[in-house]
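Just the heavy atoms: all of them, side chains too, but no hydrogens, waters or symmetry mates, feed the values below. Residue numbers start from 1 in every chain, and the chains themselves are labelled A, B, ... in the order their sequence lines are given, proteins ahead of strands.
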Amino acid sequence: MKQVLEGSHAVSEAVRLARVQVISAYPITPQTHIVEAISAFCADGTMDARFLCVESEHSAMAAVIAAASTGVRAFTATSSHGLAYMHELLHWAAAARLPIVMAEVNRALGPGWNIWMDQTDSLSQRDTGWIQLYCEDGQDVLDTTLMAFRLAEAVHLPVMVVLDAFYLSHTFEPVDVPRQNQVDRFLPPLVPRISLDTAHPRVLNQMAPPGVYMEMRYNIQTAMAQVPRRLTQYQKEFRAIFDRPPGDAVEAVQCEDAEVVLVTSGTISSTCRQVISDLRSRGEKIGMLKIKMFRPFPIALVRRFLGAARKVAVVDRNFSFGASGVFAQELRAALCNLDGHPPVFGYIAGLGGRDVTPDTLVEIYRRTQDCPTPPEESIWIGLNQEVVQSWYN
Amino acid sequence: MVQLDIPPNDYINPGHLGCPGCGATLAMKFALKALGEKTVVVIPASCWGVIAGPYPQSALQVPVLQMAFATAGAAASGVRAALDMKGDTATTVLSWAGDGGTFDIGFQSLSGAVERNEDCIFVCYDNEAYMNTGVQRSSSTPYGTRTTTTPGQGWKKTRKKNMVEALAAHRIPYAATASIAFPEDLICKFQKAKDLRGGSRFIHILAPCPTGWGIASDMSVKIARLAVQTNVFPLYEVQDGLKYTLNYQGGRPVQDYLQVQGRFKHLTGADCDQIQQKVDEDWELLRGKAGIYVDPAAARAREQRQCKSKARKS
């Protein structure tokens with residue numbers, strides 16, 4: 001049934017429908033609406049689940065790790081500093097091979113304090129072993145959250161469902177909320193791979209000497225490598241049950257004949273769709289590759305869709321200091337061994353919640369069009385030179 | 001003290017990786033004798049993370065969840081929540097942390113868990129420093145101790161944090177101290193804690209470390225006993241954060257305890273006198289708490305009796 005839902009509540013509804021049993025969370029803006037709604041579901045009996053109000057994000061992740069280790073479906077949500085505070089345990093959750101799902105609302109890291117949109121928080125967790133799925137709109141949020149549980153439980157790795165702060169977390173959109181019996185068909189009860197059980201005592205997460213550690217790491221990568229195939233498989237099931245397509249790992253929009261392909265993620269993709277529609281109507285050859293799945297990085301798909309492109313312009317709403325935008329890095333790495341690959345222009349835009357408007361994307365398109373090769377590794381869009389000069393450096 | 005037969009069952013395997021004379025290993029042995037096989041143990045980074053054995057072995061015959069250093073309280077809460085959701089309220093969740101994982105890095109998580117009154121038994125096996133990493137000071141290290149991060153004349157000049165008082169201040173149903181030198185008392189306290197389901201229980205066990213304390217491995221139990229006999233580590237219980245019960249009255253001079261340990265050998269007579277004074281103060285304070293406790297129901301009943309008696313007289 002279609003409902004007008006806040007992006008945050010699209011997560012909460014999916015968590016309810018997924019019959020999550022243990023939720024543990026700590027407040028941080030702009031994530032709080034997600035767990036407030038879940039907390040209410042637990043309190044009024046809408047969900048048969050235990051909600052742990054812990055005293056930090058570190059403890060929130062520890063509690064869901066422990067719950068998942070005891071064989072129940074577990075969820076948490078966080079953002080920004082909360083995610084950074086969890087960092088140690090993100091490694092732990094993945095290496096313990098636990099199918100935890102976490103909603104992560106992209107928010108800038110301080111200082112200066114900034115509660116607005118920026119992807120650096122989630123992207124700086126890229127080496128932790130979490131699958132990362134970026135959402136474009138409210139429907140995508142709900143669908144991706146359901147898919148996240150399915151994927152996590154198939155490959156025994158945790159999944160981060162990533163939403164843009166405010167542009168998505170606090171925006172109300174019509175969302176088709178499926179019926180419980182539909183979700184039950186898509187997402188059967190958890191069959192835990194491991195579970196603490198006094199009838200079958202075993203020890204989890206113990207010391208792993210050099211003779212076994214490397215193999216454990218290799219197995220995590222093997223599981224990661226299964227994700228694209230599993231995602232394709234579950235997309236078919238999803239479409240059959242819910243009668244709509246869930247988000248692809250990547251989505252190519254008019255890339256075939258494009259002179260410039262913009263690479264986007266999150267809500268910028270929606271803005272870009274509008275720009276493509278406008279510019280195409282004027283005969284401009286612009287395309288878009290939306291990357292939904294950042295981990296595992298969809299190398300094969302990127303090569304397929306961008307290998308023959310003329311120019312690629314990556315829009316990064318994040319930055320890795322001393323390097324470049326993170327999507328640009330990953331894309332360059334994916335393309336570098338491909339003969340005749342296109343030049344990759346890296347653009348930095350919209351950090352700390354600055355709007356990325358259609359005009360921003362048109363500027364990126366024009367600048368890419370005008371240069372035969374990238375003038376520098378990263379081109380920062382819309383910098384106010386007065387503020388740059390006044391800030392200490 | 002109630003004398004009990006020590007249960008014959010053991011849930012710890014021979015071949016564990018504890019050092020000879022390890023107090024923490026004995027503590028676990030006794031604790032599990034009391035708690036039995038329906039126990040899940042949560043172990044954060046600590047000596048016990050090593051003692052429990054490397055993959056693919058286990059020193060314990062009960063399920064163990066090893067966790068990151070700061071997480072014992074939260075992880076135990078997560079296990080409890082999941083067991084409850086699975087309908088298993090009978091299994092005991094035992095959080096088993098060292099002093100670092102309780103007094104220092106794990107304090108926030110523990111405080112959060114007991115404030116929520118999580119239905120778990122939280123144990124600190126206390127060897128009074130970071131022994132697993134080579135004897136660095138913790139906030140449990142007593143005044144006067146030399147460690148590798150309080151070396152030479154820089155021996156620790158601040159008090160040991162009083163963890164039982166901190167936990168009692170959370171008004172949890174049960175907090176107690178225990179010692180590997182008093183196994184009947186220790187087992188009795190674990191049985192009591194096990195039976196007090198539904199809330200947070202905390203047991204603080206002094207667990208000597210021969211390596212870190214500079215003692216022979218056959219001296220662990222003796223020195224643990226001296227800690228109690230000198231009132232350095234009194235045995236007591238606190239119910240609901242208010243009702244104190246002393247289990248043992250010591251009185252030997254602290255010098256008897258200090259002089260047999262390498263970690264205190266630098267102390268002068270004057271230093272030892274100062275420590276004696278602190279121990280005496282703490283002991284009096286504790287005795288006061290045990291003595292001045294008045295049961296509110298009994299107090300109300302007494303007041304009512306007095307009122308009635310006054311009414312009759314008038």
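What you find for B:Ala82 and A:Ala67 is that their closest heavy atoms are CB-O, 3.6 Å. In terms of heavy-atom proximity, A:Gln206 sits nearest to B:Pro56 at OE1-CA, 4.5 Å.
With contacts defined as side-chain heavy-atom distances shorter than 4.5 Å, the pair B:Thr71/A:Met61 does not qualify. Using a 4.5 Å heavy-atom threshold, the side chains of B:Met85 and A:Thr70 count as separate. Considering only heavy atoms from C-beta on, B:Ser109 comes within 4.5 Å of A:Glu55 through its side chain. Here the side chains of A:Thr198 and B:Thr39 are not in contact, with every heavy-atom distance at 4.5 Å or above.
Neither the backbone nor the side chain of B:Val41 comes within less than 4.5 Å of any heavy atom in chain A. Heavy atoms of A:Glu88 lying under 4.5 Å from chain B belong exclusively to its side chain. Proximity to chain A (any heavy atom under 4.5 Å) is restricted, for B:Glu37, to the backbone atoms N, CA, C and O. In this structure, the portion of A:Ser69 lying under 4.5 Å from any heavy atom of chain B is its side chain and not its backbone.
Screening residues 199-218 of chain A for salt bridge (Lys or Arg N to Asp or Glu O under 4.0 Å), with sequence neighbours left out, gives no hits. The list of salt bridge (Lys or Arg N to Asp or Glu O under 4.0 Å) pairs with a residue in residues 37-50 of chain A, not counting sequence neighbours, reads A:Arg50-B:Asp84.
Comparing A:Cys53, A:Gly211, A:Ala74 by heavy-atom pairs within less than 4.5 Å of chain B, the highest count is held by A:Cys53. The choice from A:Asp197, A:Ile65, A:Val64 that makes the most heavy-atom pairs within less than 4.5 Å of chain B is A:Asp197.
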B:Glu118 vs A:Leu52, side-chain contact (heavy atoms from CB on, under 4.5 Å): CA-CA, chis, key distance, verdict: CA-CA 10 Å; B:Glu118 295 285 355; A:Leu52 290 169; 3.3 Å; yes
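Residues of residues 11-26 of chain B lying within less than 4.5 angstrom of chain A, judged on heavy atoms, are absent. Interface with chain A: from residues 58-68 of chain B, residues B:Ser58, B:Gln61, B:Val62, B:Pro63, B:Val64, B:Leu65, B:Gln66, B:Met67, B:Ala68 qualify, criterion being any non-hydrogen pair under 4.5 Å.
No more than 12 heavy atoms of other residues, nucleotides or ligands sit less than 6.0 Å from atom OH of B:Tyr55.
The CG atom of A:Leu196 sits 7.5 Å away from the NZ atom of B:Lys86 when rounded to the nearest 0.5 Å.
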